[in-house]
Amino acid sequence: MRDDGTLDDPYAPSSPTADTEDGTSTERTTAASRLRAYARDLTGRRRAQVALATGVVCCLGLAAVAQVRDETADAATRGGPLSSSELAQRAEQQRASRGLDRAAAPTTPTAAPSAVATPADPDTTARARKVASVPPTDPAPVAGLDEDQMENAEAIVRTGRKMGVPRRGLVIAVATAMQESNLYNVASGVLPESQDYPHQGVGWDHDSVGLFQQRSSSGWGPVGRLMDPAFATRQFLAALEQVPGWQRMRLTDAAQAVQVSAYPEHYQQHEWRATRVVDAIVPAGR
């Protein structure tokens, strides 16, 4: 009951503030402000994340571009023009076995066989006399050789022993002739003159002739002399003895030092056969 004697309405609002289903106007204002602030904060975070992701992608892209440029530059360096020294080196590696001039022509006179064969050292002369005092035998062919090949091998061994060349040199000479001419005295189809001399076949490898396929144009001697197995052997062995340390080399390296072939390892395959042939002609201990 109020002071004026009226009764209170039990269903009337307890406060004069005008409420609605969504709350008071003050509460609505506060909620809206918070929502806007949250939205701004969320937007800022998303922008920061996007910016960070964009930056990472850009960095990765720059790194990839740099790598590609480096690889491209490296590839260009590898595939670019070669220097003159590199070209010369490649050309040297691609030389034919006997298609080009021999680089190691003998430096001793080639006008007469005696000029090549005569040793200047008294010790060498004594050694040659001792070696030549025991003549080689005349065996039947061995190691798969035929009569002609065996006779040419005997010519090589006899000539080397007259020069006082050690057994190792004889093996190297026979193995070299096996590789170069298959131990046949071969004339050249390019040089008809060479066919005027006794020969056992005709080859077409430029002007290479004889057991060692030596070339007159490279200074090894006159064509007619090179068709003589004894003279050709003297020329080869004289050049071999000028190679420092040849007796301690592998057979293929010693032969290559004289022949200058594009296939230096091919001489090695003949070492066992050449050794057997020399042992048959000059038994061990003789």
Undergrad: Nearest 0.5 Å please: distance from the CG atom of Leu251 over to the CD atom of Gln269.
TA: 11.0 Å
Undergrad: With distance as the sole criterion, is a donor-acceptor pair present between the side chains of Gln214 and Gln235 under 3.5 Å?
TA: no
Undergrad: Suppose we screen for side-chain hydrogen bond (donor to acceptor under 3.5 Å, both in side chains). Which residues come up paired with Asn185, at least two apart in sequence or across chains?
TA: none
Undergrad: Using atom types as modelled and distance alone, determine if a side-chain donor or acceptor of Gln195 lies under 3.5 Å from a backbone N or O of Ala187.
TA: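 A pair under 3.5 Å: no.
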Undergrad: Give a yes or no on whether Val243 and Val165 share a hydrophobic cluster (residues Ile, Leu, Val, Met, Phe, Trp, Tyr; joining criterion: side-chain heavy atoms under 4.5 Å apart).
TA: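 In one cluster: yes.
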Undergrad: Check side chain to side chain contact (heavy atoms under 4.5 Å, CB included) between Ala155 and all other residues, then give those that pass, not counting sequence neighbours.
TA: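 Expected list: Pro229.
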Undergrad: Drop me the distance from Arg273's CZ to Leu183's CG, to the nearest 0.5 angstrom.
TA: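 Atom-to-atom, Arg273:CZ and Leu183:CG are 7.5 Å apart.
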Undergrad: Under the side-chain hydrogen bond (donor to acceptor under 3.5 Å, both in side chains) test, which residues partner Arg168, sequence neighbours left out?
TA: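 Expected list: Glu271.
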Undergrad: On a heavy-atom basis, which atom in Ala153 and which in Val277 lie closest, and how many Å separate them?
TA: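 Closest pair (atom of Ala153, atom of Val277, distance): CB-CG1, 3.6 Å.
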Undergrad: Could you report the tightest heavy-atom contact between Gln268 and Thr252, atom names first, then the distance?
TA: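 Heavy-atom minimum between the residues: OE1-N, 3.2 Å.
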Undergrad: If I compare all heavy atoms of Ser188 with all of Val209, which pair ends up nearest, and what's the gap?
TA: CB-CG1, 3.6 Å
Undergrad: For Asn182, which residues count as a side-chain hydrogen bond (donor to acceptor under 3.5 Å, both in side chains) partner, sequence neighbours excluded?
TA: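 With neighbours one apart ignored, the set is Gln149.
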Undergrad: Quick one: CE on Met163 to OG1 on Thr233, what's the gap to the nearest 0.5 Å?
TA: 9.0 Å
Undergrad: Among Ser216, Ser217, Ser194, which one satisfies side-chain hydrogen bond (donor to acceptor under 3.5 Å, both in side chains) with Asp207?
TA: Ser217
Undergrad: Say you draw a straight line from CZ of Phe231 to CZ of Arg225; how long is it, rounded to the nearest 0.5 Å?
TA: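 Here the interatomic distance stands at 4.5 Å.
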Undergrad: Are the side chains of Glu147 and Pro141 in contact, using a 4.5 Å heavy-atom criterion?
TA: yes
Undergrad: Any donor and acceptor pair, going by atom type alone, linking the side chain of Asn152 with main-chain N or O of Asp148 inside 3.5 Å?
TA: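 Such a contact is found between Asn152 side chain and Asp148 backbone.
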Undergrad: Return the set of residues passing side-chain hydrogen bond (donor to acceptor under 3.5 Å, both in side chains) with Glu151 (not counting sequence neighbours), or none when no residue passes.
TA: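 So Glu151 forms no side-chain hydrogen bond (donor to acceptor under 3.5 Å, both in side chains) with any residue.
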Undergrad: Does Arg167 use its side chain to pair, donor to acceptor, with the backbone of Val282 at less than 3.5 Å?
TA: yes
Undergrad: If you look only at pairs with a residue in residues 251-263, which of them pass as a salt bridge (charged side-chain N to carboxylate O under 4.0 Å, His left out), with sequence neighbours excluded?
TA: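 Salt bridge (charged side-chain N to carboxylate O under 4.0 Å, His left out) check on residues 251-263 returns Arg250-Asp253.
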Undergrad: Side chain to side chain contact (heavy atoms under 4.5 Å, CB included), that's the test. Do Met249 and Ile172 meet it? Break it down for me.
TA: CA-CA 10 Å; Met249 294 181 177; Ile172 294 173; over 6 Å; no
Undergrad: Would a single hydrophobic cluster contain both Val142 and Val174, if residues Ile, Leu, Val, Met, Phe, Trp and Tyr are joined by side-chain heavy-atom contacts under 4.5 Å?
TA: yes
Undergrad: Who are the side chain to side chain contact (heavy atoms under 4.5 Å, CB included) partners of Ala173, not counting sequence neighbours?
TA: Ile156, Phe212, Phe236, Leu237
Undergrad: With rounding to the nearest 0.5 angstrom, report the CG to CD1 distance, Leu170 to Ile281.
TA: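 Reported value, rounded in 0.5 Å steps: 9.0 Å.
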Undergrad: What distance separates Glu180 CD from Gln259 CD, expressed to the nearest 0.5 Å?
TA: 4.5 Å
Undergrad: Apply side chain to side chain contact (heavy atoms under 4.5 Å, CB included) to Val186 and list each qualifying residue two or more places apart in sequence or on a separate chain.
TA: Ser181, Tyr184, Gln213
Undergrad: Could you pull out all residues at least two apart from His266 that satisfy ring pair (Phe, Tyr, Trp, His ring centres under 6.0 Å)?
TA: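 Only Tyr263 meet the ring pair (Phe, Tyr, Trp, His ring centres under 6.0 Å) criterion with His266.
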Undergrad: Tell me the salt bridge (charged side-chain N to carboxylate O under 4.0 Å, His left out) pairs involving residues 187-204, sequence neighbours left out?
TA: none
